[in-house]
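Here's the structure we're looking at; comments come further down.
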Amino acid sequence: MKNTISERVADFLKNFPPFNALEAKQLDLLSLQVTIIHKESNSLVFSEKEEPHPYFYVVNKGAIALTKKGSSQILDICDEGDVFGLRPLLAQESYKLEAKAYEETILYAVPIKDFKPLALENKRVGNFLIESFASNTRNPYSIKHRGKLYGITATTETNPSSKILDLQPVRYSTDLVTCTEGTKIKTVANTMAKHNVSSILVMNGDLPLGIITDKDLRQKVATGLFPITGNAKSIMSSPVITYPKELTIAQAQMAMMKSNISHLVLTEDGTTDAKAVGILSKHDVMLALGNNPAVLLRAIKRASDTKRLRSIRHGIMTLLQGYLEQNIPIGLVSKIISELNDASTKRIIEITLEAMETKPPVNFTWLTMGSQGRGEQLLNTDQDNAIIFEDVPEDKLEETRTYFLQLGSRISKELNTVGFEYCPAEMMASNPLWCHSLSEWKDVTSHWINNPGPEEILLSSIFFDYNVTYGSKALADELSHSIFDHAKRYPQFLTHLASGAMQNPSPSGFFRDFLVEQDGEHKDFFDLKLRALMPIIDAARVLILSHSIKSINNTAERYEKLAELEPNNRELFLACSYASKALLKFRTRQGLLHNDSGRFIALDQLNKEEKIKLKRTFKTIKEIQSLIEIRFQVKNLLR
Amino acid sequence: MWPFSKKKQLEFPDFWWAYEEHFKHPLPELIKDNTFVVLDTETTGFNLARDRMLCIGALKLLDNNIVVKDSFEVYIEQEHYDVGSAEIHGILKKSKRQRTSELEALKQFLVYIENHVLVGHHVLFDVNMINAALKRNGLPKLKNENLDTESLYKRTLLISSVVQKKDRYTLDDLAQKFSISRKDRHTALGDAFITAIAFLRTIEKLKPKKVKDLIRKQGPLRFGL
């Protein structure tokens with residue numbers, strides 16, 4: 001007796017240990033007993049010291065964060081296919097950690113009473129469990145995992161200080177790039193360049209003979225010591241230094257320091273006479289040690305699939321949290337994080353382009369708009385993007401558009417996988433309205449400028465913060481010129497844009513009290529984005545456009561530039577720059593605290609100091625609003 | 001017949017009375033206490049008079065949980081058959097799958113759904129199809145409340161005239177938006193499952209507390225105070 005859903009469950013489970021060891025029939029029966037649970041983000045699966053559930057869990061979609069109570073630090077993130085909450089399987093003890101949905105998640109709850117007999121009966125399943133208990137790794141068969149089986153770790157488990165991290169097994173690359181002794185040096189260099197690696201193994205069958213690194217090429221070949229026509233044997237370092245694959249981070253570091261090398265070869269048993277299984281570079285160690293923007297950036301550039309990028313993004317979030325805790329200036333932080341976000345997007349585009357059946361017919365530019373375009377996207381917020389492609393002859397236009405629409409929807413799907421939510425307003429390159437040729441874009445934007453209704457103002461306010469993430473910058477520059485030309489000819493447009501900037505509801509009431517939302521899902525919350533951030537961002541945009549400057553997108557930087565351009569308003573603009581940074585920081589803090597976009601704030605959870613800080617920015621907002629009201633004569637506009 | 005005296009006690013089978021009995025109890029007020037029955041039907045076509053149901057699939061959703069074994073899937077023996085639609089649902093006229101008569105299928109379905117709220121993508125089509133089948137078998141219409149995932153999904157999109165919304169969102173559109181695998185598309189229970197996940201993700205976005213609000217949210221937004 002199986003049904004379509006249980007088949008679906010079985011079809012998913014069979015890919016992951018320990019379920020892959022079950023016979024098809026057993027799995028079918030087990031799948032029938034599963035309960036599918038949907039968890040909203042931030043909802044609890046189980047809390048610390050809670051009585052064990054009659055289930056253990058497998059993540060089907062989304063991610064679960066395991067934390068120790070009282071600390072905001074995430075000990076581990078369980079991703080698709082990971083198993084957690086195994087403790088009740090072993091003993092009737094309560095949970096040692098808290099499991100919370102890190103994002104919207106679908107779980108399969110497997111009843112323990114149905115699973116236990118299978119585990120006892122099936123040796124491979126039993127072994128998996130024993131090994132995972134013994135080795136303390138969540139999944140001993142997968143070298144990818146460096147986490148621990150937190151559901152069942154002993155009570156000695158404490159906060160993962162760097163000390164414990166050091167003792168975790170390292171994650172190394174298993175895609176070996178190899179050559180043989182006889183390979184020509186030029187071929188060696190080409191292979192390394194093609195795979196974008198810094199070292200190559202010289203193999204004799206399965207056995208590692210030697211290694212050639214960037215350094216060898218530099219010191220031995222480029223200097224003329226050995227001719228480029230020689231073979232790999234002449235320049236390789238041999239014998240290689242090998243280690244067993246069960247290596248901890250600390251051991252790896254020591255080994256590298258001891259022999260003063262940057263690459264370790266890992267073999268089955270740690271000797272040179274065994275099969276080489278992986279290579280570990282200094283970079284891998286750095287990455288395992290954590291959170292250094294340069295390391296993350298490099299990891300992004302090397303990532304070959306979106307799944308990897310997704311885990312790197314978790315790292316970026318941890319980095320962000322660390323920066324905020326250390327009170328590093330938000331201007332600097334937002335630069336670094338935006339750079340990483342941009343690099344992720346770029347990498348996704350590259351990966352998607354490689355996967356497309358044909359190459360793009362013409363040049364194109366990928367624009368990011370909104371907060372990412374302004375370089376203010378610190379948390380995972382929505383993706384807003386657009387494509388400009390080169391003009392093509394009339395008869396090719398539809399064909400070209402179809403190609404780019406398809407590219408756009410694939411990219412935005414991948415972006416979604418990595419953690420950029422879809423834009424609820426569909427302002428994405430997958431939408432035909434946001435995927436145009438250059439001359440079409442010129443028409444669209446000039447239409448906005450010539451007919452500035454409320455819709456056109458809203459669209460242009462989102463679009464005009466665009467930033468080139470990928471592709472030819474020339475296309476975007478040409479569009480910018482066309483926009484400024486039109487804006488100069490229709491100065492009314494700026495007035496309308498300014499009036500748009502005045503439309504946002506005011507942050508504070510007559511008695512300087514906070515105005516909160518009156519109804520809806522966020523009743524009694526303060527809408528930080530709409531009431532505080534948007535007015536200050538909108539004002540910056542209209543002011544900077546009136547000076548015909550396109551190269552600066554970041555709000556704080558726009559105000560700094562304005563302070564430079566208009567010395568008489570210098571103080572106000574600097575205050576605005578400060579306020580925009582403060583608000584951004586505020587939003588990011590709140591977002592990290594609640595693992596959401598940080599847009600809505602519960603006022604009763606703020607302390608006195610925070611409230612005062614927030615209110616101080618409101619004063620600046622009012623001042624800048626009255627400045628643009630007067631300057632652009634918004635009052636004359638019939639509303 | 002005198003039009004105003006239609007108080008004739010109709011003779012319905014026992015399972016119908018058992019079904020009606022459930023409606024004496026009001027629905028729980030809160031969403032988390034309510035069981036939702038997510039359903040989908042595979043039919044020979046879209047014509048309510050001519051076409052027939054080939055399969056009903058349904059599952060129950062209570063407080064974000066779906067119990068796999070407590071799902072409903074029944075294949076129905078039908079005389080009418082449409083070769084064209086077979087390409088979509090893949091149910092052959094002479095397949096070896098065990099099938100039941102239409103009346104038996106309806107009986108099982110009524111026992112399964114009780115008074116729970118029915119959820120479906122374009123739910124009215126499914127409900128009308130079932131009502132047509134009920135009528136053929138001399139039974140009244142379904143009495144359950146309905147929720148349409150398309151209408152609910154539309155409400156999660158930004159309310160703005162700027163954004164040109166599509167008029168229709170198919171189940172495929174939703175599956176893609178919420179990255180749900182479309183593996184069992186066009187089997188009744190598989191579609192019901194996709195609908196269920198889409199429904200859950202939509203509610204998370206709308207965040208209503210009470211069932212009443214949810215039913216109300218299907219309609220277009222009312223402006224004004």
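Chain A is the first sequence line, chain B the second, and so forth, proteins listed ahead of strands; every chain is numbered from 1.
- Under a cut-off of 6.0 angstrom, the local environment of NZ in B:Lys107 is sparse, with at most 12 non-hydrogen atoms contributed by other residues, nucleotides or ligands.
- Only the side chain of A:Val9 comes within contact range of chain B, with heavy atoms under 4.5 Å apart.
- Contact of the B:Leu61 side chain with the A:His38 side chain is not registered, since no non-hydrogen atoms from C-beta on lie closer than 4.5 Å.
- To the nearest 0.5 angstrom, B:Asn65 atom CG is 9.5 Å from A:Ile36 atom CD1.
- Counted within 6.0 Å of NZ on B:Lys177, heavy atoms from surrounding residues, nucleotides or ligands total more than 12; the atom is thus considered enclosed.
- Shown here is B:Glu145, whose CD atom has no more than 12 heavy atoms of other residues, nucleotides or ligands within 6.0 Å.
- Neither the backbone nor the side chain of A:Leu107 comes within less than 4.5 Å of any heavy atom of chain B.
- In terms of non-hydrogen atom pairs under 4.5 Å with chain A, the most contact-rich of B:Val68, B:Leu200, B:Ile203 is B:Val68.
- In this structure, NZ in B:Lys69 is found 11.5 Å from CG in A:Leu29, a value given to the nearest 0.5 Å.
- Once rounded to the nearest 0.5 Å, the distance linking CZ of B:Phe72 with CD1 of A:Ile5 reads 12.5 Å.
- For the pair A:Arg8/B:Ile194, a side-chain contact is recorded, criterion being any heavy-atom separation below 4.5 Å from C-beta on.
- Heavy-atom distances place the side chain of B:Ile197, and not its backbone, under 4.5 Å from chain A.
- Considering CZ of B:Arg201 and NZ of A:Lys61, their distance stands at 8.0 Å, rounded to 0.5 Å.
- Interface remark: A:Ser41 contributes backbone and side-chain atoms alike to the contact with chain B (heavy atom separation under 4.5 Å).
- Looking at A:Asn60, neither its backbone nor its side chain comes within 4.5 Å of chain B, counting heavy atoms on both sides.
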